[in-house]
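As structure tokens, the structure follows; a few thoughts come after it.
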Amino acid sequence: MNSLFPKGFTDQVARDFGPDFLDDEPETRRIYGQDWSGILEPNPSAVAFPRSTEQVARLLSACFEHGVAVVPSGGRTGLSGGACAARGELVLSLVRMNALGPVDPATRTVRVQAGAVTEAVHRHCEALGLTWPVDFASKGSSTVGGNLSTNAGGVRVIRYGNTRAWVQSIELVTPQGEVLELNGELEKNNTGFDLRQLVMGAEGTLGVITSATLKLVPLPKRADVLFFSLTDMEAVIRLFSFARESGLPISAFETLSAACYRESVQFFGMSAPVAELAEAGAYVLLEVEDLEPGDSRLESFLEQVFSRALVLDGVLAQNPREARDLWKLREGIAEAVLHQSLVHQHDVSVPVSKLPEFSARIEAQYARDYPEFKVFIFGHIGDGNLHIFIRAQADAKKEEFLARCKASDSALFQFVKDFKGSVSAEHGIGLLKKPALPYSRSAAEMALMKGIKQAFDPKGILNPGKLI
Ligand SMILES: Cc1cc2nc3c(=O)[nH]c(=O)nc-3n(C[C@H](O)[C@H](O)[C@H](O)COP(=O)(O)OP(=O)(O)OC[C@H]3O[C@@H](n4cnc5c(N)ncnc54)[C@H](O)[C@@H]3O)c2cc1C
């Protein structure tokens, strides 16, 4: 094995765990050493596949003793390099720990292992008319452990909030191999620091999440999906304000730039859902939940949207297939943009009212200073969360492209800071966003974060080099 592990460690693992526990085949190391960003060269020494919390605890205890660096790994759908292993680490994959416990309709909770796929949790709960309201395009591959570790948001944050609102308890294995149950079955618990909340968003730097009790909500009985074309982001915010004032139960309000819309329509070979108008610079997908058929609020909203000229054109999905197609236009953007060439991505947030000015300045800046980049802007308006995907020209050299991106990043991060925003609203800091952290966190905050890391992980074996 071309391993950076200290002598004695691999012997101990071979002795204490089964023969299929550790895999150091080049293909396995390549697959499990990288996330969907595809930017970093994967180079872990091996990948461990535990089946139980007890195995995770024993493994971490051995890693702690031998000083072996560990990268916790879920579905690897993050785009910040958080789950990447490029320096001979041991990847700890939770993929075999995907059990789904019984749904409790009385408490509206379900206990699942951390390797459970997000969408599998949804399907599991559907039968009892319940769902875990954490929902986004990568749900078919992402895992509960990754969702919690990045405090994932998604398309329904506008109605339900982020992941941290939907977790009752977490089972965490510390770097020393101790198993902690954080918060248990309690709804109310005012006994000091809430370590459960601290672990969420920690990107696997404080401990390994092995299972969690998730809070559930009733599955919406129906959803209406609308799609609009508008002139620009100013118009998007006007429509957003009006939709909120109208009292509609909004479950998603997503926007996409004209470049995203065209890319998605073309990539999926769809027919355009709204009229092709040269002045259309932005599009909106609006979803409302649980309106009774014939509820006059939707009809009246649509009448006013057109009579007040708030949009250029619009369509209301007439059946579930049309609704799915409209969602595909929005949720497929990443796939459509990523497939063609190298992409450098940002997931920033700024106050909602500042989105028009912010996105206009970003587009103008890139057009002026980096005309070779193709810029795609889309996101969740209710959260002020924008994705900015920068795509290289088809023949671009990776190193040159990354160097140009790095140069352009400082200006973007400074804009985010000027607008009092966050440099990472979704994928976390990982490795790729580390230079950006000081634009969103003060020196005093970062010193406190380092102190917390030291308290949990004094030898620094968990996800070293990530986040802080
Ligand atoms: C197309 C697309 C759309 C997306 N849309 C959204 C969105 O709308 N909103 C949003 O918030 N995010 C979004 N994401 C990113 C989202 O955060 C991740 O997809 C998901 O939450 C990460 O889960 P994962 O299992 O893939 O984690 P990974 O990528 O495997 O890991 C993410 C981080 O968590 C750590 N980790 C993983 N498992 C554990 C564990 N068991 N214990 C401790 N640490 C662990 C890893 O070390 C890493 O630091 C999107 C991603 C893609 C590709």
Side-chain angles (χ1 to χ4, degrees), residues 31-38 50 53 56 60 69-85 89 91-95 97-98 112-121 134-158 161-164 170-175 199-212 252 254 330-339 343 345 347 349 378-380 382-383 385-387 389 422 424-433 456-457 462-467:
I31 293 171
Y32 285 87
Q34 64 188 329
D35 67 7
W36 284 17
S37 65
T53 300
V56 173
L60 284 185
V70 178
V71 177
S73 172
R76 304 178 310 286
T77 63
L79 296 178
S80 292
C84 289
E89 304 94 327
V91 172
L92 195 168
S93 169
L94 280 293
V95 75
M97 294 178 59
N98 59 3
V112 301
Q113 282 187 308
V117 170
T118 315
E119 194 170 34
V121 176
V134 172
D135 189 1
F136 40 73
S138 60
K139 65 185 169 209
S141 302
S142 77
T143 63
V144 168
N147 301 155
L148 271 56
S149 299
T150 55
N151 179 30
V155 290
R156 299 202 152 73
V157 168
I158 188 170
N162 290 303
T163 294
R164 61 170 81 253
I170 291 177
E171 182 184 73
L172 183 83
V173 183
T174 69
V199 162
M200 284 190 268
E203 301 184 35
T205 60
L206 303 182
V208 174
I209 297 171
T210 41
S211 65
E254 302 284 302
R330 161 60 189 93
E331 292 215 299
I333 294 170
E335 188 186 347
V337 174
L338 284 165
H339 94 283
V343 170
Q345 76 85 29
D347 56 297
S349 67
F378 57 105
H380 320 289
D383 327 334
N385 176 189
L386 286 185
H387 293 279
F389 277 29
S422 165
S424 183
E426 282 192 3
H427 297 266
I429 295 297
L431 268 179
L432 299 174
K433 292 286 143 58
F456 271 81
D457 185 13
L462 265 189
N463 234 354
K466 312 283 173 60
L467 179 55

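One-based numbering, in listed order, for ligands and for the atoms of each. Atoms considered below: every heavy atom in the structure, side chains included; atoms not considered: hydrogens, waters and symmetry mates.
Atom 14 (N) of ligand 1 has His427 CE1, 3.5 Å as its closest protein atom, hydrogens excluded (heavy atom only). Among all protein heavy atoms, the one lying closest to atom 33 (C) of ligand 1 is Thr150 CG2, 3.9 Å. Counting protein heavy atoms only, atom 27 (O) of ligand 1 is closest to Gly146 CA, 3.4 Å. In terms of protein heavy-atom proximity, atom 11 (O) of ligand 1 is nearest to Gly153 N, 2.6 Å. Given atom 2 (C) of ligand 1, the protein heavy atom at minimum distance is Ser138 CB, 3.8 Å. For atom 46 (C) of ligand 1, the closest non-hydrogen atom of the protein is Pro72 O, 3.2 Å. Looking only at protein heavy atoms, the nearest one to atom 41 (N) of ligand 1 is Ile209 O, 2.9 Å. For atom 18 (C) of ligand 1, the closest non-hydrogen atom of the protein is Thr77 OG1, 3.1 Å.
Contact annotation: for Ala334 versus ligand 1, heavy atoms closer than 4.0 Å belong to the side chain alone. Contacts between Glu335 and ligand 1, counted as non-hydrogen atom pairs separated by less than 4.0 Å, are absent for every part of the residue. At a 4.0 Å heavy-atom cut-off, ligand 1 touches Asn463 through the side chain alone.
Using a 4.0 Å cut-off to heavy atoms of Gly204, the atoms of ligand 1 that qualify are 43 (C), 44 (N). The Gly82 neighbourhood of ligand 1 comprises atoms 47 (O), 48 (C), 49 (O), with distances under 4.0 Å to a heavy atom of that residue. Annotation for ligand 1: atoms under 4.0 Å from non-hydrogen atoms of Asn147 are 20 (C), 21 (O), 23 (O). Counting the atoms of ligand 1 from 1 in the order shown, those under 4.0 Å from a heavy atom of His380 are 8 (O). Close approach of ligand 1 to Gly145 (heavy-atom distance below 4.0 Å) involves ligand atoms 38 (N), 39 (C), 41 (N).
Between Ser80 and Lys433, the shortest heavy-atom contact is OG-CG, 3.9 Å. For Gly82 against Asn463, the heavy-atom pair with the smallest separation is O-ND2, 3.2 Å. The two atoms that bring Leu79 and His427 nearest to each other are N-ND1, 3.1 Å, heavy atoms only. The heavy-atom pair separating Thr77 from Ser138 by the smallest distance is OG1-OG, 3.8 Å. Across Glu171 and Thr53, no two heavy atoms sit closer than the pair OE1-OG1, 2.6 Å. Minimum interatomic distance between Ser93 and Pro50 (heavy atoms only, all atoms of both residues): O-CD, 3.3 Å.
The shortest side-chain heavy-atom distance between Asn147 and Phe136 falls under the 4.5 Å cut-off.
Of the N or O atoms in Trp36, none lie within a sub-3.5 Å distance of an N or O in ligand 1. Taking any N or O of Ser73, backbone or side chain, none lies under 3.5 Å from an N or O belonging to ligand 1. Checked by distance only, ligand 1 and Asn151 stay at 3.5 Å or farther apart across all their nitrogen or oxygen atoms. Looking at ligand 1, you won't find any N or O of Ala137 less than 3.5 Å from one of its N or O atoms. Inclusion of Ala152 in the set of residues having an N or O under 3.5 Å from an N or O of ligand 1 is not warranted. Checked against a 3.5 angstrom limit, the closest N/O atoms of Glu426 and ligand 1 fall inside it. Checked by distance only, ligand 1 and Ser149 come closer than 3.5 Å through their nitrogen or oxygen atoms. Polar contact check, Gly154 against ligand 1: a nitrogen or oxygen pair lies under 3.5 Å apart. Considering backbone and side-chain N/O of Leu94, none are found under 3.5 Å from N/O of ligand 1. Below 3.5 Å of separation, one finds an N or O of Gly78 facing an N or O of ligand 1.
Put simply, the side chain of Glu119 never gets that close to the backbone of Lys139: no donor and acceptor are under 3.5 Å apart. A donor-acceptor pair under 3.5 Å is absent between the side-chain atoms of Arg330 and the main chain of Phe378, judged by distance alone. No donor-acceptor pair closer than 3.5 Å links the side chain of Ser73 to the backbone N or O of Ala83. At least one donor-acceptor pair under 3.5 Å links the side chain of Asp347 to the backbone N or O of Ala425. No donor-acceptor pair under 3.5 Å is formed between the side chain of Asn162 and the backbone N or O of Arg164.
For the residue pair Thr205 / Asp457, no side-chain donor-acceptor distance below 3.5 Å is found, with atom types taken as modelled. Side chains of Thr118 and Ser142: a donor on one and an acceptor on the other come within 3.5 Å.
If you run side chain to side chain contact (heavy atoms under 4.5 Å, CB included) between Leu172 and each of Leu148, Val56, Val208, Val199, only Val199 comes through.
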What verdict does the salt bridge (charged side-chain N to carboxylate O under 4.0 Å, His left out) test give for Glu203 and Lys466, after you've listed the backbone C-alpha separation in whole Å, the side-chain angles of each residue and the deciding distance to 0.1 Å?
CA-CA 8 Å; Glu203 301 184 35; Lys466 312 283 173 60; over 6 Å; no
Could you walk me through whether Glu254 and Glu331 pass side chain to side chain contact (heavy atoms under 4.5 Å, CB included), step by step?
CA-CA 10 Å; Glu254 302 284 302; Glu331 292 215 299; over 6 Å; no
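Residue nearest to atom 28 (P) of ligand 1, selected from Arg76, Glu203, Met200, Gln34: Arg76 (by heavy-atom distance).
Ligand 1 has no atom lying under 4.0 Å from any heavy atom of Asp35. Distances shorter than 4.0 angstrom occur between a heavy atom of Val208 and an atom of ligand 1. At least one heavy atom of Gly207 sits closer than 4.0 Å to an atom of ligand 1.
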